[in-house]
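Residue numbering restarts at 1 for every chain, and letters A, B, ... go by the order of the sequence lines.
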Protein chains: 2
Amino acid sequence: MSKSEKATKALIERLGADQVATSKQERYAASMDNMRYSRMPSARIYPEDEEAVATVLELANEFSIPVTTRGAGSATTGATSPSENGWVLDFSRWKNIHIDPVARMAFVQPGVTLEELDQAAADYQLSYPPDPGSLKHATVGGTIATNAGGMRGAKYGVTRDYVLALEGFLASGDFVRWGANLKKFSAGYNIRDLWIGSEGTLGIITGAVMRLVPRPPLRATCLAVFPDARTAIECSQQILRTGTTPSALEFLDSQTVACTFSFWERKHPHLLDDLPQCLIKWKDKETPAILIIEVDGHQHEVETAMQGVLTTVKQATSDWITAIDEKTAELLWKVRRSCSQAMFELGPRKLNEDVVVPFEHQLELLDFIENLHRETKLPTPTFGHAADGNFHAHIMYDDASEKDSIKAREAIVRLMDKVIELGGSISGEHGIGLAKSPFFSLQHGAAEIAAMKAIKKALDPNGILNPGKLWERSEPWSFPRESVRMPWDH
Amino acid sequence: MSKSEKATKALIERLGADQVATSKQERYAASMDNMRYSRMPSARIYPEDEEAVATVLELANEFSIPVTTRGAGSATTGATSPSENGWVLDFSRWKNIHIDPVARMAFVQPGVTLEELDQAAADYQLSYPPDPGSLKHATVGGTIATNAGGMRGAKYGVTRDYVLALEGFLASGDFVRWGANLKKFSAGYNIRDLWIGSEGTLGIITGAVMRLVPRPPLRATCLAVFPDARTAIECSQQILRTGTTPSALEFLDSQTVACTFSFWERKHPHLLDDLPQCLIKWKDKETPAILIIEVDGHQHEVETAMQGVLTTVKQATSDWITAIDEKTAELLWKVRRSCSQAMFELGPRKLNEDVVVPFEHQLELLDFIENLHRETKLPTPTFGHAADGNFHAHIMYDDASEKDSIKAREAIVRLMDKVIELGGSISGEHGIGLAKSPFFSLQHGAAEIAAMKAIKKALDPNGILNPGKLWERSEPWSFPRESVRMPWDH
């Protein structure tokens, strides 16, 4: 009997088979995240309560079993890919929500999805703003572990800005609380924010207190069409320069727009019927770049802000449309919501980086990506959050072609070198996981990585929490990609 | 020659006497913060550049010399009191500011004061919101080290919410950067937020990138007078319940108001002439409690918000006044800005706690403090940030009386026990330093403190950075208090 078989047997004896799934089907489903790189765990554990979590950690330390925490598995970086024969600790059933409307706080368990949290807040005219594309699926626990961002960061920031307190377990199995249901807390080291974004390597979150904000009663959306990326980005910067703070300021380059059109033509032709005129007229010409600009708030605030936005937009293009009703707005957003899936029109394999650069270097980055496209002949569709300098740059290729695979890999390395040269970040909102581990030492110097490793050693001396990620270099381009349908696939 | 004399000699050889002040006067001025507990360092170092900081750390490790970083020395907890014969690393001359108005970011050195930063931002219609009472003196570096809050937290949060990136030195002398001039960064452990609030015990900050926000063009202020704390706090909670987010929501209890009146009578009688009618009419009755409510933004936003505030206020009291011009507003704020100094009308010695409790327990806390006052006969003036549940509770006493000293000490321990019982925090914005170290183990369990100690050991193995604070228990009530005039004394 192997060590992991012994450990799983001991765990079943302690927790019962109801909490410890070992069927091949269960383990396979928990063997990967949206990166679709499968490594089979020896058990998928559904802990019933805090005590069960402590038991899991006790045995994991005793038998040296790696433990990977899991929510929806919608991470894109392999951060949720467990270690081979390790344990997956699945919190997707931890669904409690309690709202305090006066304090504007939500007490949530980690398996609550962002949509569930926002809907619960809506009952009190409150809102939970962070909106990664996956908000129907992504869980509070997972988005804390990756410090997820999303489309509303321009005005509302990222997950970290909403976490008031965390509770859960150290690797040792000791229960801890960092912070409280308080707006101010300045008593001792802030391990709360150290846990946030640490991708399950420093502790296990079993509860969180999240900040809520008054729900903006109105939003207005503008879709504007530009001949090229430069014109679009310059317009977005001008919007910010005038003092407006849009709730979203999304940029889509022409490759992204083109592949979305072709995805719709092939799979959802009815969506093309609803295209606004200002976009349709471009359909048979060279494909344009797009900005989607949203402002929200009270009526007067929205009107004033949208007026400001339009003054700027009209100086740059005559092709724009605005929406103030939800239905039209969602039509405008459809392009953005489809584009990530649509990229597979351009090639079966995707290298996906969510890089960030300082504002003044946005255009230099986009030019660099465009050059990569011209040089390699590989598609490089790019979209992102222009108010944050945060771009999702993709390289699409056919991994059946060794030549293209090498080209794609070389191109992504050059891209990441450029991002660092521009003073940027290799990840704005996805985290590192396995996918970005090759670039970790570009981002951080030796002293910085040594400090992180020292903290890891201090808080998880046996190295049981989600090992093999972050600074431990993988070769993500050589990983096989599972062909499975995931809940968020269109 | 003692170890510290040898070390200081070696340091002068490396840096020159210009950077290493050893006169008694210089050392005395650097021997304490606003807690006024003096411990003489062996040198006050004014580093000229990063290299000098590295040299200081190199020698500090070699000779085991404790290093305490210093900005203005306006901390209230003794966090800036150096170790006896240690070194003070003084950044008050590091004053560079550079503003990027499109990115809405400021690149600042640690010695810049909050007022200097906000004034520099104002040139671009931007603002740096955090406003501890001491904003004319407190430095960026010091407020990051304590995660300082202040009066505008209700809408704008605390220092942590404005720090995008930090650079500086690990205890080892290695230069590091945490984060960048980017709005999103999700690449590796967030040691930036671990440094924030760690009171100089984990690293030395030599530069920061701070987030700025559009400068609100208008503010409106309401001062409302209530017969007692209960009516005032219930009104403040009702304001929040209606969805308004005031930029300040300050509460002053009747003891605070009374001692401010008597301070003015004695020292600044002209201020009484400017008292608004709604307050004057109470002067000879039992002193009332006060709320000062400020809203800010564009005109329409301010008008709507103030209308909402007044609707609520009028249901609770008929004694209120509003100000929309700066001059009248500042008159209303005078009560609040004087009250901290005014407390010494009530006794020569102050025990000062900036506790936080969950919203639903605010009244229970204030009742408890009122009871302490009745039982001990010691003054317990209390004011604070009602939107944050963050109260400055004071016990004033004469330390020439041993009986009163013991009573005060016992009372403060009971207060802190109560705060913890209510699920609160022993510090919302001052930090721990020496003053709150006796209560640290009330706030945090053994596993939590062990985790903090493990992190300290990992990042500062020789224990040279500001030792003896946080979890190392002091007896602050037994410390002598220096009689010196500090720049912020009225």
TODO: Begin with the C-alpha distance, continue with both residues' side-chain angles, and end with the deciding distance and a verdict on side-chain contact (heavy atoms from CB on, under 4.5 Å) for A/Tyr189 and B/Trp195.
DONE: CA-CA 8 Å; A/Tyr189 292 170; B/Trp195 274 19; over 6 Å; no

TODO: Nearest 0.5 Å please: distance from the CD atom of B/Gln299 over to the OG1 atom of A/Thr304.
DONE: 11.0 Å

If only atom types and distance count, is the side chain of [X] paired as donor or acceptor with the main-chain N or O of [Y] below 3.5 Å?
X        : Y        : result
A/Glu448 : B/Arg177 : yes
A/Ser186 : B/Thr146 : yes
B/His444 : A/Ala187 : yes

Task: Min side-chain heavy-atom separation B/Thr245-A/Arg104 under 4.5 Å - done: yes

Heavy-atom cut-off 4.5 Å, strictly under: side chain, backbone, both or neither for [X] against chain B?
X        : answer
A/His298 : neither
A/Ala387 : backbone
A/Ala103 : both
A/Lys457 : neither

Can you name the closest pair of heavy atoms from [X] and [Y] and give their distance?
X        : Y        : value
A/Ala180 : B/Gly423 : CB-O, 4.1 Å
B/Asn190 : A/Asp193 : CB-O, 3.5 Å
A/Leu170 : B/Ala447 : CD1-O, 3.9 Å
A/Leu470 : B/Gly188 : CD2-CA, 4.3 Å

Given that the side chain runs from C-beta out, which part of [X] has a heavy atom under 4.5 Å from chain A: side chain, backbone, both or neither?
X        : value
B/Glu360 : side chain
B/Lys436 : neither
B/Asp100 : side chain
B/Pro101 : neither
B/Asn390 : side chain

Open item on the list: Working note: B/Lys184 + A/Val158, criterion side-chain contact (heavy atoms from CB on, under 4.5 Å); need CA distance, chi angles, decisive distance, verdict.
Closed with: CA-CA 8 Å; B/Lys184 287 181 177 167; A/Val158 296; 3.9 Å; yes

Open item on the list: As a quick check of understanding, evaluate side-chain contact (heavy atoms from CB on, under 4.5 Å) for B/Ile191 and A/Ile455, giving each step before the final call.
Closed with: CA-CA 10 Å; B/Ile191 299 181; A/Ile455 287 173; 3.7 Å; yes

Hey, which of [options] has the most heavy atom pairs under 4.5 Å with chain B?
options                                : value
A/Ala458, A/Ser172, A/Pro461           : A/Ala458
A/Ala154, A/Pro358, A/Gly197           : A/Pro358
A/Leu126, A/Thr201, A/Val213           : A/Thr201
A/Trp471, A/Phe439, A/Phe175           : A/Trp471
A/Leu182, A/Leu240, A/Val356           : A/Leu182
A/His300, A/Lys183, A/Arg241, A/Arg192 : A/His300

Open item on the list: Just checking B/Glu421: does its CD atom have more than 12 heavy atoms from other residues, nucleotides or ligands closer to it than 6.0 angstrom?
Closed with: yes

Open item on the list: Check this for me: A/Glu472, atom CD, are more than 12 non-hydrogen atoms of other residues, nucleotides or ligands nearer than 6.0 Å?
Closed with: yes

Task: CA sep, side-chain torsions, deciding dist, call: B/Glu429, A/Phe185, side-chain contact (heavy atoms from CB on, under 4.5 Å) - done: CA-CA 7 Å; B/Glu429 50 187 20; A/Phe185 193 97; over 6 Å; no

